[in-house]
Student: 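Structure provided below as structure tokens; questions to follow.
Chain letters run A, B, ... following the sequence lines, proteins first, then strands; residues in each count from 1. Predicted, not measured: the structure shown is a model, and the values here were computed from it.
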There are 2 protein chains.
Amino acid sequence: MKITPMTQSLVLHFGEMGSRWGLNRTLGQMYALIVLTEAPLNADQISEALQISRSNVSMGLKELKSWNLIKLQHIPGDRKEYFSAPSDIWEIARTLVLERRKRELDPTLSTLRDALMEQATSEADQYAQMRVKQMHDLLEMVTLWTTELQGMSSDKLAALLKLGEGISKLLDVKDKLLLR
Amino acid sequence: MKITPMTQSLVLHFGEMGSRWGLNRTLGQMYALIVLTEAPLNADQISEALQISRSNVSMGLKELKSWNLIKLQHIPGDRKEYFSAPSDIWEIARTLVLERRKRELDPTLSTLRDALMEQATSEADQYAQMRVKQMHDLLEMVTLWTTELQGMSSDKLAALLKLGEGISKLLDVKDKLLLR
DNA sequence: TACAATTTTCACAAATTACTGAAAGTTCGA
DNA sequence: TCGAACTTTCAGTAATTTGTGAAAATTGTA
């Protein structure tokens with residue numbers, strides 16, 4: 001499996017990015033390759049294209065599956081397993097957000113809630129609890145938002161994001177509507 | 001510097017979280033401690049509370065400074081440097097978003113743009129470029145949003161987040177207003 | 001059921017990242 | 001300008017994470 005210079009450089013960049021996103025370098029590279037390639041790929045092709053061992057690919061694929069980022073498919077007459085990414089980039093983004101929420105936000109919220117349930121005796125703990133409450137409320141809102149995003153169609157999501165700088169104004173409009 | 005069991009467990013949790021956020025475990029712990037403690041702390045106190053070497057604290061503090069997450073202050077009659085976190089949790093969140101954007105989004109956008117400038121000859125590259133375009137547009141919108149957030153007051157930010165499930169409806173309202 | 005094709009697991013090796021103590025550097029007051 | 005108080009740097013070590021090859025497990029089909 002040959003790989004063009006363009007894909008090559010993108011793959012390398014996303015490898016670096018991957019490590020900042022809870023995935024690791026190889027995983028980032030693998031996913032970049034799958035996303036950028038139209039045809040579904042099998043493990044051997046990935047292994048060859050990225051010059052990593054077959055077993056490493058197997059582990060990476062396992063991880064990618066656990067993130068729900070890839071689709072398994074079979075090609076008639078071929079026993080190998082082929083993988084591809086969703087064609088809708090918004091779906092990928094939505095999945096990424098959802099999975100990170102499950103892995104990071106949810107456990108953190110639960111820890112914060114536990115801390116809030118405790119009886120704060122010392123003054124130090126009272127202050128800590130106050131901060132915990134602030135963080136908790138903030139993260140809960142973020143959770144609410146991500147939940148909301150999950151239910152939105154790709155079109156709507158695109159529209160929302162396009163709003164961009166309009167969002168601030170929109171908020172003002174909302175206030176006026178409520179005042180009416 | 002003693003540390004209550006409550007702070008202790010929160011510090012440990014944010015240590016784990018830190019590693020998922022581009023910081024590392026120690027950095028997460030240090031910041032949690034600073035955020036949860038009302039009084040500004042000096043390096044020795046942090047070192048003692050978290051049981052890590054003085055030099056490690058120095059490096060962590062340096063990193064935290066580069067993220068703009070801590071404020072340096074001096075206590076009259078004491079030559080040590082003391083550090084504290086912003087009292088406004090929204091400010092912390094805003095800073096975090098901004099810094100991550102600078103470190104991750106911006107370089108990625110630039111790589112994507114480079115790829116888009118190239119002449120795609122092969123069919124493979126044309127497909128790749130199409131996907132790159134999708135990613136680029138998505139990330140550019142995210143950037144726009146984060147920029148917008150930077151300019152918003154904490155109050156407004158809180159209001160926006162509180163909108164939660166209302167956001168979808170709000171979008172509909174906007175469409176109606178435009179149609180009018 | 002047997003067997004070839006394919007995938008997964010896992011113990012170890014390699015690479016990367018984080019931590020430490022000692023030494024060097026800085027700052028400030030006398 | 002000296003020296004004590006404090007901070008930073010850095011080379012080496014420790015810990016963690018990632019990658020590999022060999023072997024085991026699974027799958028599909030003749």
Student: Run through B:Gln29, B:Gln45, B:Gln8 and flag the one making a side-chain contact (heavy atoms from CB on, under 4.5 Å) with B:Leu50.
Tutor: B:Gln29
Student: Give a yes or no on whether a salt bridge exists between B:Arg113 and B:Glu140, defined as a side-chain N under 4.0 angstrom from a carboxylate O.
Tutor: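 Salt bridge: yes.
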Student: Could you check whether B:Ile52 gets within reach of a base, just the sugar-phosphate, or nothing at all, counting any heavy atom under 4.0 Å?
Tutor: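 The answer is sugar-phosphate, as B:Ile52 gets under 4.0 Å only of primed atoms, P, OP1 or OP2.
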Student: Is the phosphate of C:dA4, meaning OP1 or OP2, less than 4.0 Å from a side-chain N or O of A:Lys80?
Tutor: no
Student: Distance check, rounded to the nearest 0.5 Å: A:Leu139 atom CG versus A:Arg101 atom CZ?
Tutor: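 Between atom CG of A:Leu139 and atom CZ of A:Arg101 there are 12.0 Å.
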Student: What does A:Asn24 touch in the nucleic acid at a heavy-atom separation under 4.0 angstrom: a base, only the sugar-phosphate, or nothing?
Tutor: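 Sugar-phosphate only.
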Student: What's the CG-P distance between B:Asn56 and C:dA22, to the nearest Å?
Tutor: 16 Å
Student: In this structure, how many angstroms lie between the C1' atom of D:dC6 and the CG atom of B:Asn42, rounded?
Tutor: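 Value for this atom pair: 10 Å.
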Student: If I take atom CZ in residue B:Arg20 and atom P in nucleotide C:dT17, what distance separates them, rounded to the nearest angstrom?
Tutor: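 Taking CZ of B:Arg20 and P of C:dT17, I get 18 Å after rounding.
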Student: Please pick, from D:dG19, C:dT8, C:dC28, the nucleotide with the shortest atom-to-atom distance to any side-chain atom of B:Arg79.
Tutor: C:dC28
Student: Nearest whole angstrom, please: distance from the P of D:dC6 to the CG of B:Leu41.
Tutor: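 Value for this atom pair: 16 Å.
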Student: Is the phosphate of D:dT7 approached by B:Arg54 (side-chain N or O, under 4.0 Å from OP1 or OP2)?
Tutor: yes
Student: C:dC19 phosphate, OP1 or OP2: any side-chain N/O from B:Thr26 under 4.0 angstrom?
Tutor: yes
Student: Could you state the CD-C1' distance from A:Glu81 to C:dT8, rounded to the nearest angstrom?
Tutor: 11 Å
Student: Answer yes or no: is there an ion pair linking B:Glu99 with B:Lys102, defined by an N-O contact shorter than 4.0 Å?
Tutor: yes
Student: Calculate the interatomic distance between B:Leu50 atom CG and C:dT20 atom C1'; express it in whole Å.
Tutor: 16 Å
Student: Taking the minimum atom-to-atom distance to the side chain of B:Ser58, which one of D:dT9, D:dC6, D:dT20 wins?
Tutor: D:dT9
Student: In whole angstrom, give the distance that lies between atom CD of B:Gln45 and atom P of D:dC6.
Tutor: 12 Å
Student: Tell me whether the OP1 or OP2 atom of C:dT7 has a side-chain N or O from A:Lys62 closer than 4.0 Å.
Tutor: no
Student: So, does A:Lys65 get its side chain near the phosphate of C:dT8, meaning an N or O under 4.0 Å from OP1 or OP2?
Tutor: yes
Student: Using the side chain to side chain contact (heavy atoms under 4.5 Å, CB included) rule, take B:Ser87 and A:Arg131 through it: C-alpha gap first, then chi angles, then the decisive distance, then the call.
Tutor: CA-CA 9 Å; B:Ser87 62; A:Arg131 297 236 97 181; 4.2 Å; yes
Student: By nearest nucleotide on DNA chain C, pick out whichever of A:Met59 and B:Ser55 is the more 5' one.
Tutor: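 It is A:Met59 whose nearest nucleotide is closer to the 5' end.
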Student: Where each residue is assigned the nucleotide of DNA chain D containing its nearest heavy atom, which of A:Leu27 and B:Leu61 is assigned the position nearer the 5′ end?
Tutor: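 Per heavy-atom nearest nucleotide, the more 5' residue is B:Leu61.
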Student: Without decimals, in angstroms, what is the distance between B:Ile75 CD1 and D:dC6 P?
Tutor: 12 Å
